[in-house]
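In what follows, every heavy atom counts, from backbone to side chain, and hydrogens, waters and symmetry copies are set aside. Note that the structure is a prediction, hence the values are computed from the model and not measured.
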Amino acid sequence: MKKFLFLFCLLAGIGWVACSPEAPKKAFIDKLQPAPVNGGFAIDSMWIWGSSVIKGEDGKYHIFSDMWAKDLGFGAWVTSTEIAHGVSDTPEGPYVYSDMALTRRDPKYFDGCSVMNPRVIRYGDWYYMYYVGTTYDFPAPQPGMAWGDDWFERAWMNKRIGVAKSKSLYGPWERMDHPVLEPRPGKWDATITSNPSPVVNPETGKILLIYKSSSKNSQPPLLLGAAEADSPQGEYHRLSDEPIFRFDTEANLANDVEDPFVWWADGHYELIMKDRFGHICGEDGGGIHATSPDGVHWTLSNPVKAYSRTIKWSDGTETHQANFERPFILFEDGKPAYLFAATGTGPAPWNFERTWTMVIPLSK
């Protein structure tokens, strides 16, 4: 087994990412239970995508999700997304729409045209929402409008991580006027800062922030970095000059990952993330699990696979979802209890008829 794992790591081209020869007591993927058929968050007239869930002081569960008009087409996620707030009495849902948490504002701001990818944490007396904002200098897409050839890339290249705070999960949310983390020209993260995943280290009180970027544009490889701050609103500094995972090789630059979710457990960090092309976990769009003592040096778990696009449902059926994106874990009593993800139905990946946030209970 050890020899096999060594060869796997060598073939995958994994830089300083180690591979563990010992299986954990219970693999993350083995904790996944059947998903409730009517769970999660959906609005039939809207596209719903990546979400963050937190239990409020009112005893209810609050979901914050990407939302944009369905008649704009799914591709308008980069230009037209806002962040909706839903509420449920149970973690499984279904969640009922409550209000809009963050919306577009003046395009002069970094997040003036679109806001997405929320992650909400409690820190002291405040709730903090990490999110991605973008702005652009072309007309906001409208139903039936023909997109400019370069609109997507221009909006994508302006993505930046922001942080808003509120005393209440019902808002209002106070935004900063500047991103908390900027790209670095000439580095691996020269284009954007995106897909924030924050976690509070309970031993130090510091915030570890895992983020996504690339060196040139929206094409592979997409890579992950680590930054740290003394408080949610920063100032953040990189923990490594290089990406924390590097799976690409000269033969295949598409060995990349995205959609990280990081947490603290028993004195170390754990992380799940999406394997975009399946070269690491064996399934296109499946998940990877890894652990780290410091947020920089990571060990792939054995088994490495954390989740699958093949879903077992509470009614006994099984489907292979077109996509399973933006994984998020809700904790109960300090333990992972529910896995949320953006998913959809349609004839092919990214060709959706309907999208929503689904939820999978996790066993202990």
Side-chain angles (χ1 to χ4, degrees), residues 35 39-52 63-86 94-95 97 100-104 111-119 131-136 138-159 192 194-196 212 214 217-220 222 256-259 274-278 284-287 309 311 319-328 340-359:
F41 184 43
I43 300 176
D44 288 342
S45 61
M46 308 293 285
W47 298 112
I48 298 292
W49 205 238
S51 301
S52 178
I63 193 167
F64 296 86
S65 298
D66 298 348
M67 186 173 79
W68 65 105
K70 204 163 188 180
D71 56 7
L72 292 176
F74 187 80
W77 67 265
V78 73
T79 60
S80 309
T81 300
E82 298 178 314
I83 297 176
H85 171 215
Y95 289 79
Y97 173 82
M100 293 304 296
L102 287 185
T103 61
R104 60 184 294 128
D111 57 353
C113 293
S114 187
V115 286
M116 66 198 83
N117 294 2
R119 287 286 189 260
Y131 65 95
V132 174
T134 191
T135 190
Y136 44 82
F138 51 83
Q142 301 296 323
M145 177 186 290
W147 279 53
D149 291 341
D150 62 345
W151 284 14
F152 180 94
E153 196 71 16
R154 285 162 64 187
W156 190 94
M157 290 287 284
N158 285 334
K159 292 201 297 177
I192 61 171
S194 184
N195 294 45
K212 180 180 82 171
S214 68
N217 51 35
S218 61
Q219 300 304 308
L222 302 177
D256 62 356
V257 294
E258 64 173 347
D259 292 352
K274 174 190 167 187
D275 182 355
R276 292 185 74 216
F277 300 100
D284 176 5
R309 286 164 51 200
I311 305 298
T319 61
H320 189 68
Q321 296 299 108
N323 291 73
F324 191 92
E325 312 275 328
R326 299 288 298 151
F328 176 89
F340 292 79
T343 193
T345 54
W350 306 116
N351 187 6
F352 296 115
E353 297 166 348
R354 175 177 179 263
T355 64
W356 72 99
T357 291
M358 63 171 294
V359 57

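Checked against a 6.0 Å centroid threshold, the rings of Trp156 and Tyr136 do not count as neighbours.
How far CZ of Phe152 is from OG of Ser218: 5.5 Å, rounded to the nearest 0.5 Å. Annotation: the span from Ile63 atom CD1 to Phe328 atom CZ amounts to 9.0 Å, rounded to 0.5 Å. Taking OG of Ser65 as the start and CE of Met116 as the end, the distance is 14.0 Å to the nearest 0.5 Å. Atom-to-atom distance recorded for His85:NE2 and Leu102:CG is 11.5 Å, nearest 0.5 angstrom. To the nearest 0.5 Å, the span separating CG on Asp44 from OG1 on Thr355 amounts to 10.0 Å. With values rounded to the nearest 0.5 angstrom, Glu82 atom CD is found 11.0 Å from Cys113 atom SG.
A side-chain donor-acceptor contact under 3.5 Å links Trp47 to the backbone of Lys70. In this structure a side-chain-to-backbone donor-acceptor pair under 3.5 Å is missing from Thr135 to Asp111. The main-chain N or O of Ala101 is never found under 3.5 Å from a side-chain atom of Thr103 such that the two would form a donor-acceptor pair. Looking at Arg309, its side chain does come within 3.5 Å of a backbone N or O of Ala322 through a donor-acceptor pair. Distance alone, capped at 3.5 Å, is enough to place a donor-acceptor pair between the Thr134 side chain and the Ala155 backbone. Here the side chain of Asp284 pairs no donor or acceptor atom with the backbone of Gly278 at under 3.5 angstrom.
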Requested in this report: Would you please test Glu325 and Lys274 for salt bridge (charged side-chain N to carboxylate O under 4.0 Å, His left out) and show each step?
Outcome: CA-CA 7 Å; Glu325 312 275 328; Lys274 174 190 167 187; 2.8 Å; yes
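Looking at every heavy atom in both residues, Tyr97 comes nearest to Ala84 through CE1-CB, 4.0 Å. Residues Val359 and Ala35 share a closest heavy-atom pair of O-CB, 3.4 Å. When every heavy atom of Ser194 is checked against every heavy atom of Lys159, the shortest pair comes out as OG-NZ, 3.1 Å. Listed here is the closest heavy atom pair of Thr357 and Ile48: OG1-CG2, 3.8 Å. Residues Ala342 and Gly50 share a closest heavy-atom pair of CB-N, 3.8 Å. Looking at every heavy atom in both residues, Lys212 comes nearest to Asn195 through CE-OD1, 3.5 Å.
A donor atom on one side chain and an acceptor atom on the other are not found under 3.5 Å apart for Ser214 and Gln219.
Across Trp356, Trp77, Phe352, a single residue satisfies side-chain contact (heavy atoms from CB on, under 4.5 Å) together with Trp49, and that is Phe352. Results of the side-chain contact (heavy atoms from CB on, under 4.5 Å) test with Met358 over Phe324, Phe41, Phe340 single out Phe324 as the only residue that passes.
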Please table the atom pairs, donor to acceptor, closer than 3.5 Å between any side-chain atom in residues 143-150 and protein atoms at least two apart or in another chain.
from	atom 1	to	atom 2	distance (Å)
Asp150	OD1	Arg154	NH1	3.3

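Annotation: side chain of Ser52 is not in contact with side chain of Asn117 (no heavy-atom distance under 4.5 Å). For the pair Thr79 and Phe138, the minimum side-chain heavy-atom distance is below 4.5 Å.
Taking the salt bridge (Lys or Arg N to Asp or Glu O under 4.0 Å) definition, one finds that Asp259 meets it with Arg326, sequence neighbours left out.
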